[in-house]
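Contents: one structure, followed by commentary.
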Amino acid sequence: MNQRRKLKVVALVCERSVDFKDKLDNAHYMSECPDVNVIQLPCSGQIQPAMIEAALKGGADGIITTGCRIGDCHYREGNKFLRARILGERQPKLRASVDRKRLQAYWLSALEYHRFKEMAGEFVEFLSGYQPETPQKPEKKAPSKAAE
Amino acid sequence: MSQATTNVYAGIIAQFQRLTLFIERILNSTFSQKYNPFYYHGALPNFFLWVLFISGLLLFAYYNPTLEGAYPSLEYMTKQIPSGALFRALHRYAADGMMIFVLLHFFRVWFTDRYREYRILPWITGVILITVLYLAGLTGYMLIWDSESVALTYMTVNFLNSIPGIGSSLASLLIGGDIVTDYTLTRYLFLHLGIPASMLFLLWWHYLRITRPVTNAPLVLNLMLFGGLLVACGLWPVGIGEAPNLATPSASIEVDWLYMLPHGMLANGASPFLAWVVLLGIPVAMLLLPYLQKKQFRGQFAQVVNENCTGCSLCYHDCPYEAIEMMDRDDDTRFKRIAVVDPGRCANCGLCVGACAFKAIEIPRMNTERVFKEIQVALGSAQS
Ligand code: HEM
Ligand code: SF4
Ligand code: SF4
């Protein structure tokens, strides 16, 4: 874990699912998993496929989306819709060209921070050894300096 | 409502929310997320409703709503007709199951803060539904017309009579006159069929602002509940008490607390006044609950960016609270329709934002611009 380069993983998380209270630094990086930057939204149903695409295009190594448990969306259907978009079953669909290996979707309640940390840690581990089959983008930037 | 009270109340609800999530986590590990009964809190009462309608139809076929005929018809049903006793038991325990699962539904929507503002219509109709369900169950017990049932009738009449002024008129409205006659049972039957029928209308109203309400649980869950009902029927068969004697009704009643809360209180020595306070106080308190908390997004609602909207109606399909309407437009664009948001129904949830591929709808509390900006900041390609 110690020698690999720092990754850029963006987590788009519903504010009602995993509770990140006291778990993030000022720049929204997870204290216990500094490769992951957390952006919180009102509902996972607000996540547009374009946001995922933009993050990958912008140089993210991986994307995590997180909503509440399927069945427990506060707004009834948001997480189901996001899941369907990622699976390409609902308009607007996530592009088929998006490398699904670099995207993970979790469905966790506000009590399941530990599960998030575990899965995110494994994902980061996986990404650090992962070579996309067709590397589309040449620029790989140096680790961001935002994580103090 | 003072600020402090509001905060204390919100804090309590937050704790109950954690408790609910905790129970759900346990259920997720036993049932799996897909079959977690808590995730079908609105659908499960519907299952019992169907069992009640079907089993009730069979009981109705044999019931004779007259003073002389009611008890023998029930006795015949229970003792002579094959599985007649089973259907009576099913009907009784499905009624109990329905009340239990409606209460579960009620506590869940309350504890998880799904009960106010844009959800006020399902909340208010829900309070009416639970009241109506209670009356349906109570009239069911009065129809049996054995000696306990007669005692229940007398108790109810006295309870109504205890209201100053209108009490006696209400009592004669219930039993169809000043004394118990054949009309009493006709009236009970009318109430016991009419009240549940009104629930169908109330349910339509309950679902009016909910897009695609989940009204059916998965088959496995329904089968499990049905299995549970059959076990209850086997363990506690439903019999019939002694023949009714209008002069000397049963001295005590067996209290089903789910449907006889005031009766149970009266039987245990409470004053009618106290029983009325409880009976009326519960629904009134339920109606007031949503106003104990501050509004979350006062005056905010989703905003359509008119220039960008193509009229594709994806947001309209995804909005979970029927807050978006597609309207005709006749401005200079080539698009024929435009999304329009109803402020009173909007949850500020952002599902419409996730559905829109044209940056044409936004919720004020989290602009898409800001999400894209934060992504860039996270990737180090922009300053925060
Ligand atoms: C006859 C009994 C009832 C039945 C069959 C019933 C059924 C349902 C169903 C199917 C839904 C839709 C759930 C969804 O798809 O998200 C729902 C929503 C709701 N119910 Fe009931 N309900 C009943 C009684 C009540 C009661 C007693 C209350 C509370 C006083 C209540 C309050 C609500 C609320 C606030 C919602 C909206 C929840 C949300 O938007 O997430 N209901 N109900
Ligand atoms: S999804 Fe966007 S473009 Fe389509 S109707 Fe709604 S606001 Fe307009
Ligand atoms: S934010 Fe959008 S999807 Fe959510 S209730 Fe309002 S209009 Fe409907």
Side-chain angles (χ1 to χ4, degrees), chain A residues 8-12 14-16 19 26-29 36-52 54-61 63 68-78 81-82 85 90-93 107-112 115 141-146, chain B residues 14 17-18 20-22 24-25 27-28 33-41 108 112-114 118 210-214 297 312 314 317-321 347-359 362-363 365-366 368 370-384:
Chain A
K8 293 186 199 173
V9 177
V10 176
L12 297 166
C14 157
E15 66 186 10
R16 291 183 183 264
D19 184 1
N26 290 336
H28 306 301
Y29 287 89
V36 178
N37 188 292
V38 175
I39 299 173
Q40 285 174 299
L41 308 94
C43 178
S44 62
Q46 194 191 357
I47 300 172
Q48 297 171 338
M51 293 170 184
I52 299 171
L56 286 171
K57 233 198 207 129
D61 296 288
I63 306 288
C68 297
R69 287 279 181 172
I70 299 282
D72 189 32
C73 176
H74 190 73
Y75 302 108
R76 304 188 51 250
E77 305 184 288
F81 290 164
L82 173 65
R85 294 200 167 99
R90 192 175 187 89
Q91 292 290 358
K93 300 173 183 173
W107 315 112
L108 297 169
S109 82
L111 305 183
E112 295 174 301
R115 191 84 191 96
K141 287 208 199 110
S144 113
K145 50 198 169 333
Chain B
Q17 170 145 23
R18 289 184 76 80
T20 316
L21 289 174
F22 179 75
E24 281 168 11
R25 183 161 67 174
L27 290 173
N28 277 332
Q33 170 177 287
K34 201 169 165 192
Y35 300 111
N36 187 332
F38 270 45
Y39 297 163
Y40 298 95
H41 54 111
R108 187 175 188 274
T112 60
D113 198 1
R114 287 175 162 99
Y118 51 93
I210 302 179
T211 318
R212 293 171 291 269
V214 180
F297 316 108
C312 70
L314 288 178
H317 288 294
D318 278 14
C319 175
Y321 291 104
N348 283 286
C349 65
L351 264 60
C352 49
V353 180
C356 185
F358 303 98
K359 295 193 165 56
E362 294 286 358
I363 49 169
R365 63 178 168 134
M366 188 56 161
T368 35
R370 203 173 114 205
V371 183
F372 281 101
K373 180 83 189 298
E374 285 190 16
I375 292 174
Q376 284 181 340
V377 172
L379 297 174
S381 45
Q383 296 297 307
S384 53

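A note on names: the letters A, B, ... follow the listed sequences, proteins ahead of strands, and every chain is numbered from 1. Everything numeric in this text was worked out from a predicted model, so none of it was measured.
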Subject >> Region of A:Tyr75 that comes under 4.5 Å of a non-hydrogen atom in chain B >> reply: both

Original post:
Between A:Ser109 and B:Glu24, does any side-chain donor sit less than 3.5 Å from a side-chain acceptor?
Top reply: no

Original post:
B:Ala357, B:Ala347, B:Ala355: which one forms the most heavy-atom pairs within less than 4.5 Å of chain A?
Top reply: B:Ala355

**OP:** Answer whether the closest heavy-atom distance between the side chains of A:Gln40 and A:Arg16 falls below 4.5 Å.
**Re:** no

**OP:** Select, from B:His317, B:Arg370, B:Arg212, B:Gln376, the one with the greatest count of heavy-atom pairs under 4.5 Å involving chain A.
**Re:** B:Arg212

Original post:
Would B:Thr368 and B:Glu362 count as a side-chain hydrogen bond (donor to acceptor under 3.5 Å, both in side chains) if you check the C-alpha gap in whole Å, the side-chain angles of each, and the deciding distance to 0.1 Å?
Top reply: CA-CA 7 Å; B:Thr368 35; B:Glu362 294 286 358; 2.3 Å; yes

Original post:
Do B:Lys359's NZ or CZ and the ring of B:Phe372 fall within the cation-pi criteria of under 6.0 Å and 45°?
Top reply: yes

**OP:** Could you tell me whether A:Glu15 and B:Arg365 make a salt bridge, using a distance below 4.0 angstrom between a side-chain N and a carboxylate O?
**Re:** yes

Subject >> Option that, when pairs with chain A are counted at under 4.5 Å, heavy atom only, ranks first among B:Asp318, B:Leu351, B:Leu314 >> reply: B:Asp318

Original post:
Top residue by heavy-atom pair count (under 4.5 Å) with chain A, among B:Glu374, B:Arg114, B:Arg108?
Top reply: B:Arg114

**OP:** Could you look at B:Tyr40 and say if it's the side chain, the backbone, both or neither that has a heavy atom under 4.5 Å from chain A?
**Re:** neither

Original post:
So what's closer than 4.5 Å to chain B heavy atoms on A:Cys68: side chain, backbone, both or neither?
Top reply: neither

